[in-house]
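Shown below is the structure under consideration.
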Amino acid sequence: MKINSKLPEIGTNIFTVMSKLAVDYKAINLGQGFPDFNTDERLQALVTKAMADGFNQYPFMTGVQGLREVISEKVKTIYGHQYDIDTEITITSGATEAIMSIMLASVGTGDEVIVLEPSYDCYLPAIKLSGASTVSVPMDPPTELRKTFQVDWDRVRANITSKTKMLIVNFPHNPTGAVIHEHDLDELEKIVQNTNILILSDEVYEHIIFDGVKHLSLATRPSLVERTFVVSSFGKTTHTTGWKVGYVCAPKEMTSELRKVHQFVVFTVPSNLQHALAAYTKDASTYLNLPAFYQKKRDQLTAGLQETRFKVLPSPGTFFLLADYSEIAKISEADFAIWLTKEYGVTVIPVSAFYKDSNAEASNHNLVRFCFAKKEETLANAIEKLKKV
Ligand code: GLN
């Protein structure tokens, strides 16, 4: 039977499409963002232990208490804001469920949600299903002098209307690697003050940030805390993207509405994984060591790409970096990504896929995204292939 589609313009997402192409062409997959190395054996053992200890039934709808405690402590220590364990922290099925539940709980028909482009792919469908509409505000693309994408806050301001209900920000930023600075938070504070605009801050890469820079969570600003859902994910932090354990920190009234949706979308998240993550994350070195761990990989891929015809852009955060291929081909980003997979055996993601209209000229900057959450040998093999391009 035909269904009247709620998402007629949505197909299979770019990460799935490119991963399938990588398998079909036996290419090295630097596309979809996931590590090709295993998670820590200590964490694996903690999952087994949790199951042996009997943590195999429904945990609390809001998440295992020990895990909420660890998150509360961590956020207080690093960002200076204490979220209440019982009323302000919710464990979700990854950041993806968090984002969908937040959207369904807090915006609806007639509301506008501002999204900065390029943007992660799950925001737009979540906004659409909620009934609200998306207002896309492009970030400034890199130039010869300033080699990273950056937010033009005046452009954001110009797009605020009486219908604006929410603003989504994501730093460190997928796909560009851009990070947020104090002056960005200053602008954000000014934009939302005296309004009822909510903020969804997707901070899943909070612990993957380089060159000694510290991530600035929106939780560092009291005036932003009161209106912000801060979303994070253990997938990125513990090399377990397939476990789908994430969380949301938000003030009590906002959390209460989020939980009304969360309890009917998934109700709760696997008990053994939550108990294991709680025990593991108590040791702060498990996330504090990530910048050094990933910086080495970023530097390896950057140095390798510098020996090719790609022009690498700096990546201050995330496990992605962008490279310009304009010296190699004059074709669209999507065509380039497919061509590179088929002809040279390395899979990447076109940055245009992170725009509402991927085919538009304004969405194509001759840039592709490489994921460097890979073993040293995987990166080395990919670099050898890329040198031939
Ligand atoms: N976040 C991952 C990326 O950006 C993909 C996750 C997914 O495939 N849904 O590559």
Side-chain angles (χ1 to χ4, degrees), residues 7 10-23 27-37 39 92-101 103 115-129 139 149 168-179 200-209 231-247 265-266 290 294 297-298 301 313 315 317-323 333-334 337-338 340-341 346-356 358 363 367-374 378-379 382:
L7 298 171
I10 301 288
T12 307
N13 83 355
I14 185 70
F15 311 115
T16 310
V17 170
M18 294 311 295
S19 283
K20 165 91 173 48
L21 203 65
V23 172
I28 299 177
N29 191 356
L30 304 189
Q32 192 174 26
F34 63 88
D36 73 342
F37 43 87
T39 187
T92 57
S93 181
T96 310
E97 187 254 319
I99 292 161
M100 182 64 79
S101 294
M103 220 54 78
V115 173
L116 304 173
E117 280 193 316
S119 75
Y120 185 60
D121 72 340
C122 78
Y123 305 155
L124 269 51
I127 296 167
K128 183 96 192 262
L129 289 175
M139 290 165 81
F149 276 78
I168 304 183
V169 290
N170 161 223
F171 294 101
H173 184 251
N174 182 5
T176 71
V179 299
L200 190 166
S201 184
D202 178 345
E203 303 185 12
V204 300
Y205 299 102
E206 61 179 325
H207 299 302
I208 309 181
I209 181 161
V231 175
S232 195
S233 173
F234 288 99
K236 318 292 167 187
T237 306
T238 59
H239 318 306
T240 55
T241 60
W243 288 8
K244 304 299 294 185
V245 184
Y247 61 89
V265 175
V266 290
L290 281 182
Y294 272 120
K297 297 187 180 298
R298 178 201 64 171
L301 184 59
L313 302 188
S315 167
T318 74
F319 47 47
F320 303 115
L321 62 75
L322 302 185
E333 293 176 0
I338 294 168
L340 194 68
T341 301
V346 179
T347 298
V348 292
I349 302 286
V351 175
S352 56
F354 296 78
Y355 285 82
K356 198 171 175 182
S358 314
S363 314
L367 294 172
V368 285
R369 189 194 79 175
F370 290 80
C371 172
F372 53 81
K374 306 293 166 189
T378 310
L379 294 175

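Counting convention: from 1, in listed order, for ligands and their atoms alike.
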Exercise. Can you pull the salt bridge (charged side-chain N to carboxylate O under 4.0 Å, His left out) pairs that have at least one residue in residues 13-22, sequence neighbours excluded?
Worked result: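 Checked against salt bridge (charged side-chain N to carboxylate O under 4.0 Å, His left out) - neighbours excluded - the pairs reaching residues 13-22 are Lys20-Asp24.
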For this session: Over all heavy atoms of both residues, which pair between Leu30 and Ala382 is shortest? Give the atoms and the distance, please.
Result: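 Closest approach of Leu30 to Ala382, heavy atoms only: CD1-CB, 3.7 Å.
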For this session: Show which atoms of ligand 1 fall inside a sub-4.0 Å distance from at least one heavy-atom site of Gln32.
Result: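 Close to Gln32: 7 (C), 8 (O), 10 (O).
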Problem set entry | Residue pair Phe354 / Ser119, side-chain heavy-atom distance below 4.5 Å |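 No, too far: nothing below the 4.5 Å cut-off.
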Problem set entry | Per-residue contact class, Thr241 against ligand 1 - non-hydrogen pairs under 4.0 Å |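 Answer for Thr241: neither.
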Exercise. So which of Tyr294, Phe15, Tyr205 actually passes ring pair (Phe, Tyr, Trp, His ring centres under 6.0 Å) with Phe320?
Worked result: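 With Phe320 as partner, ring pair (Phe, Tyr, Trp, His ring centres under 6.0 Å) holds for just one option, Tyr205.
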Problem set entry | Close aromatic pair by centroid cut-off 6.0 Å: His239 and Phe37 |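 Centroid separation for His239 and Phe37: below 6.0 Å.
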Exercise. Which residue from Phe15, Phe34, Tyr120, Phe354 reaches closest to atom 1 (N) of ligand 1 through any of its heavy atoms?
Worked result: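 It is Tyr120 whose heavy atom sits nearest to atom 1 (N) of ligand 1.
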Problem set entry | Proximity to ligand 1 by part of Phe320, non-hydrogen separation under 4.0 Å |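 The answer is the side chain of Phe320.
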Exercise. Is the shortest N/O to N/O distance between Gly33 and ligand 1 below 3.5 Å?
Worked result: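 Between Gly33 and ligand 1, an N or O pair is found under 3.5 Å apart.
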For this session: Compare all side-chain heavy atoms of Ile349 with those of Ile14 and state whether any distance is below 4.5 angstrom.
Result: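 Counting from C-beta outward, Ile349 and Ile14 do come under 4.5 Å.
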Problem set entry | Any Lys236 heavy atom less than 4.0 Å to ligand 1 |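 Within the 4.0 Å threshold, so yes.
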Exercise. At under 4.0 Å between heavy atoms, which part of Asn13 makes contact with ligand 1: side chain, backbone, both or neither?
Worked result: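 For Asn13, only side-chain atoms sit under 4.0 Å from ligand 1.
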